[in-house]
Amino acid sequence: MSPPVVTRFAPSPTGYLHIGGARTALFNWLYAKANGGQMLLRIEDTDRDRYSDEAVEAILDGLTWLGLDWSGDAFSQYAHGERHREIALQLLAEGKAYKCYCSPGELTAMREAARAEGRPIRYDGTWRDRDEAEAPDGIAPVIRFKAPQDGETVVDDQVQGRVVYQNKELDDLIILRSDGSPTYNLSVVVDDHDMGVTHIVRGVDHLTNAARQSQIYLALGWQVPVMVHIPLIHGPDGAKLSKRHGALGVDAYRAMGYLPDAMRNYLARLGWSHGDDEVFSTEQMIEWFSLDAIGKAPARFDFAKLENLNGIYIRNTADDELADAIDSFLPYSEMDAATVAKFHAGREQLIGALAGLKARARTMIELVNGAAFLFAERPLKLDEKAAGILNDGGREVLGQLIGELDNQADWTTEALEEKVKAFAEAQDIKLGKIAQPLRAALTGTTVSPGIFDVLVVLGRDESLGRIRDNIS
RNA sequence: GCCCCCAUCGUCUAGUGGCCUAGGACGCCGGCCUCUCACGCCGGAAACAGGGGUUCGAGUCCCCUUGGGGGCGCCA
């Protein structure tokens, strides 16, 4: 029996949770859930210069919104710096690491020279075997890992397959800075080991790190976790999506009106598939998720498809549940406070209109905008097209119709439809010639749910009032 | 420059040597439905990057070319 699966999502707190990170988190979460294991959360905050509390908040908020929960408290890598330092010193004591007295300037010069001469850009190992007695005065050394120079390092990856690196391609990386603080590659190894992580699921941009980290695991005599390097998400231009290159934070997607469930579904389908299945619940996702169904090629983010999926989710959500979703969305929308209050106060009316509104919205923004006519104050502001219809004979039609509606006691869609159609027939005009002016007066626009549904959901008095407002 | 990875419709993908006349989804185009716009339904155009092998048989295996991506920090 294999040990329980432990995965981890390890973002660096340098900004919001971007879409690539969100998918990495999703895959970690899915794999843990699918195998009865748990996902841990670790904040990679060893670089204090780039750390910010707000970023940590944004990341936790983003994960929570997406419905991706983690076990225990968020683990701070920085808080375990002392442990990392001890390991670095242990490696030094064992002769598996050494002090390097090159200054940052020298290293930069080394890189630039290598680049200029077309040589591989690596640390040349100057201090690897040099006597410490030759150390210059006043320079605090860094500690470098003494990486093997011959042979090869194999990353046996669950997605990428067997990837072989010649050890001569990998230089001696710094594990402890001159100020005594540990660097990423060392900290990751120590933490993953200490946290009992069994599977490392992260983006392929870490593939080379996987090789270097494997060498450290080996030097420490620790077992290397199962490696799973998933392809990256690219922007429309085919380049890696990153914070400084087109990637938006998940909070932006929330503000654009995407539902977390739709988001999860869409993200899961980016790089992973289960036959021809496109729309599936989170439960199914967990049941079906497997590493071998993850592709190796990078995927481009496609808003059109996300939008379509989101529309499907909106339509499939029960009305009262959707009203709840609107409530949670409103604070992130651009609706003013007064309108938001009306949405809350008019919840029942909103639910009554949702059936007709749902089919017409692909995002929560569209949904909310579509519902706005419900809470508009008389006299309604008319958009250009609506005004055009009313001015172009619409008012006259309404003027004739109002008498009929005034006498209408049975205010149901069926009865109203019967009434209006009979009126159209009697007047020998097409239903559309009545429906559009009605829609214009009732909603202030030319687009809305079925006009009889609108009459009903608005109610008799409000409907009659809005119509009267637009009779010349 | 060096190392690594990738390559099926515009996009996401199915495909694991014969079931492929290459399937689905989004998008696009046309039609139906119709009080508007949607939804829904029906139909259509649209891809195995190129070249060599291997094999009775290659989208599927191998090699090369081309194209794309990632990495090469006292960042993570």
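Just so we're on the same page: letters track the sequence lines, and every chain starts at 1.
For D45(A) against rA76(B), no side-chain N or O and base N or O form a donor-acceptor pair under 3.5 Å. Contact annotation: side chain of R360(A) to base of rU36(B), donor-acceptor pair present below 3.5 Å. For rG23(B), its base sits under 3.5 Å from the side chain of D276(A) at one donor and acceptor pair at least.
Residue S178(A) is classed as a base contact, given a heavy-atom separation below 4.0 Å to a base. L232(A) comes within 4.0 angstrom of the backbone, heavy atoms only, and of no base. Base contact: R50(A) has a heavy atom under 4.0 Å from a base atom. Contact annotation for G450(A): base contact, defined as any heavy-atom pair under 4.0 Å involving a base atom. In this structure, R111(A) reaches the sugar-phosphate backbone alone: every heavy-atom distance under 4.0 Å involves primed, P, OP1 or OP2 atoms, never a base. Contact annotation for P231(A): no contact, since no heavy-atom pair falls under 4.0 Å across all strands. T46(A) comes within 4.0 angstrom of sugar-phosphate atoms only, judged by non-hydrogen atoms across all strands, and of no base. At the heavy-atom level, H234(A) lies under 4.0 Å from the strands shown only through sugar-phosphate atoms. Within the nucleic acid shown, N209(A) comes within 4.0 Å of at least one base atom, counting heavy atoms only.
Nucleotides rC9(B) and rG15(B) have their P atoms positioned 16 Å apart, rounded to a whole Å. Distance check on atom C1': rC61(B) versus rC56(B) gives 16 Å, rounded to whole Å. For rA47(B) and rG59(B), the C1' atoms lie 10 Å apart once the distance is rounded to whole Å. Rounded to whole Å, the separation between the P atoms of rU60(B) and rA7(B) comes to 11 Å. The gap from the P atom of rA49(B) to that of rA14(B) amounts to 15 Å, rounded to the nearest Å. Annotation: rA58(B) and rC32(B) have their P atoms spaced 46 Å apart (nearest Å). With both ends at atom C1', the span from rC6(B) to rU65(B) equals 16 Å, rounded to whole Å. The C1' atoms of rG10(B) and rA45(B) are separated by 12 Å, rounded to the nearest whole Å.
Here rA25(B) presents its P atom at 21 Å from CZ of F301(A), a figure rounded to the nearest Å. Taking atom CG of residue D383(A) and atom P of nucleotide rU36(B), one finds them 17 Å apart after rounding to whole Å. Between the NZ atom of K385(A) and the P atom of rC35(B) there is a distance of 19 Å, given to the nearest Å. When rounded to the nearest whole Å, the span between CG of L357(A) and P of rC37(B) equals 17 Å. Atom P of nucleotide rG71(B) and atom CD1 of I230(A) are separated by 14 Å, given to the nearest angstrom. Nucleotide rA76(B) holds its C1' atom 10 Å from the CD atom of Q213(A), rounded to whole Å. Counting to the nearest Å, the P atom of rG73(B) and the CZ atom of R212(A) are 8 Å from each other. Taking atom CD1 of I294(A) as the reference point, atom C1' of rA14(B) lies 16 Å away to the nearest angstrom.
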I'd like a table of atom pairs between the protein and nucleotides 1-5 of chain B - only N or O on both sides, under 3.5 Å - with the distance next to each one.
{"from": "rG1(B)", "atom 1": "O2'", "to": "G118(A)", "atom 2": "O", "distance (Å)": "2.3"}
{"from": "rC5(B)", "atom 1": "O2'", "to": "Q160(A)", "atom 2": "OE1", "distance (Å)": "3.3"}

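Ring centroids of F75(A) and H80(A) are separated by less than 6.0 Å, placing the two rings close together. The aromatic ring centres of F280(A) and W288(A) sit less than 6.0 Å apart. Residues F301(A) and Y266(A) place their aromatic rings such that the two centres sit under 6.0 Å apart. Aromatic pair W127(A)/Y98(A): ring centres not closer than 6.0 Å.
Looking at K96(A), R128(A), K99(A) one by one, the single match for salt bridge (Lys or Arg N to Asp or Glu O under 4.0 Å) with D172(A) turns out to be R128(A).
Which of rC74(B), rC35(B), rC12(B) sits closest to the side chain of E278(A) comes down to rC12(B). For D302(A), the side-chain atoms get nearest to rU11(B) when compared with the rest of rU11(B), rG27(B), rC74(B). Here the nucleotide nearest the side chain of K305(A), chosen from rC37(B), rC12(B), rC35(B), is rC12(B). In the set rC35(B), rA38(B), rA76(B), rA76(B) carries the atom at the smallest distance from any side-chain atom of Q77(A). Of all nucleotides listed (rC6(B), rU13(B), rG40(B)), rC6(B) comes nearest to the side chain of P298(A). Closest to the T183(A) side chain, of the nucleotides rC74(B), rG71(B), rC35(B), is rC74(B). Ranking rU36(B), rG70(B), rC12(B) by closeness to the R439(A) side chain, first place goes to rU36(B). Distances from the side chain of I451(A) to the nucleotides rC12(B), rC35(B), rC74(B) place rC35(B) closest. The side chain of A304(A) lies closest to rC26(B) when the candidates are rU13(B), rC74(B), rC26(B).
Not counting sequence neighbours, E418(A) has no partner by the side chain to side chain donor-acceptor pair (under 3.5 Å) test. Contacts of Y123(A) classified as side chain to side chain donor-acceptor pair (under 3.5 Å), with partners at least two apart in sequence or in another chain: none. The side chain to side chain donor-acceptor pair (under 3.5 Å) check on N28(A) picks up nothing, with sequence neighbours excluded.
Legend: ring pair (Phe, Tyr, Trp, His ring centres under 6.0 Å) pairs involving residues 199-220 of chain A, not counting sequence neighbours, sorted by first then second residue: Y31(A)-H199(A), Y184(A)-H206(A).
Taking the ring axis of F9(A) as reference, the NZ or CZ atom of R42(A) does not stay both within 45° of it and closer than 6.0 Å to the ring centre.
With both pairing distances under 3.5 Å, rA58(B) is matched to nothing as a Watson-Crick or G-U wobble pair. For rA14(B), there is no paired base (Watson-Crick or G-U wobble, both distances below 3.5 Å).
Along RNA chain B, the nucleotide nearest to I139(A) and the one nearest to W272(A) differ in position, and the one closer to the 5' end is contacted by W272(A).
Salt bridge absent: D469(A) and R466(A) never bring a charged side-chain N and a carboxylate O closer than 4.0 Å. With salt bridges taken as basic N to acidic carboxylate O contacts below 4.0 Å, none links K168(A) and D150(A). Ionic pairing of E112(A) and R115(A) is not present here: no N-O contact between side-chain nitrogen and carboxylate oxygen is shorter than 4.0 angstrom.
Between N308(A) and rA25(B) there is no side-chain N or O to OP1 or OP2 distance below 4.0 Å. Residue S448(A) places no side-chain N or O under 4.0 Å from the OP1 or OP2 atom of rC37(B).
A side-chain donor-acceptor contact under 3.5 Å links T153(A) and Q215(A).
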Checklist outcome for this item: Heavy-atom contacts, protein to nucleotides 59-67 of chain B, under 4.0 Å, summarised as B (base), S (sugar-phosphate only) or - (none) per nt, yield ---------

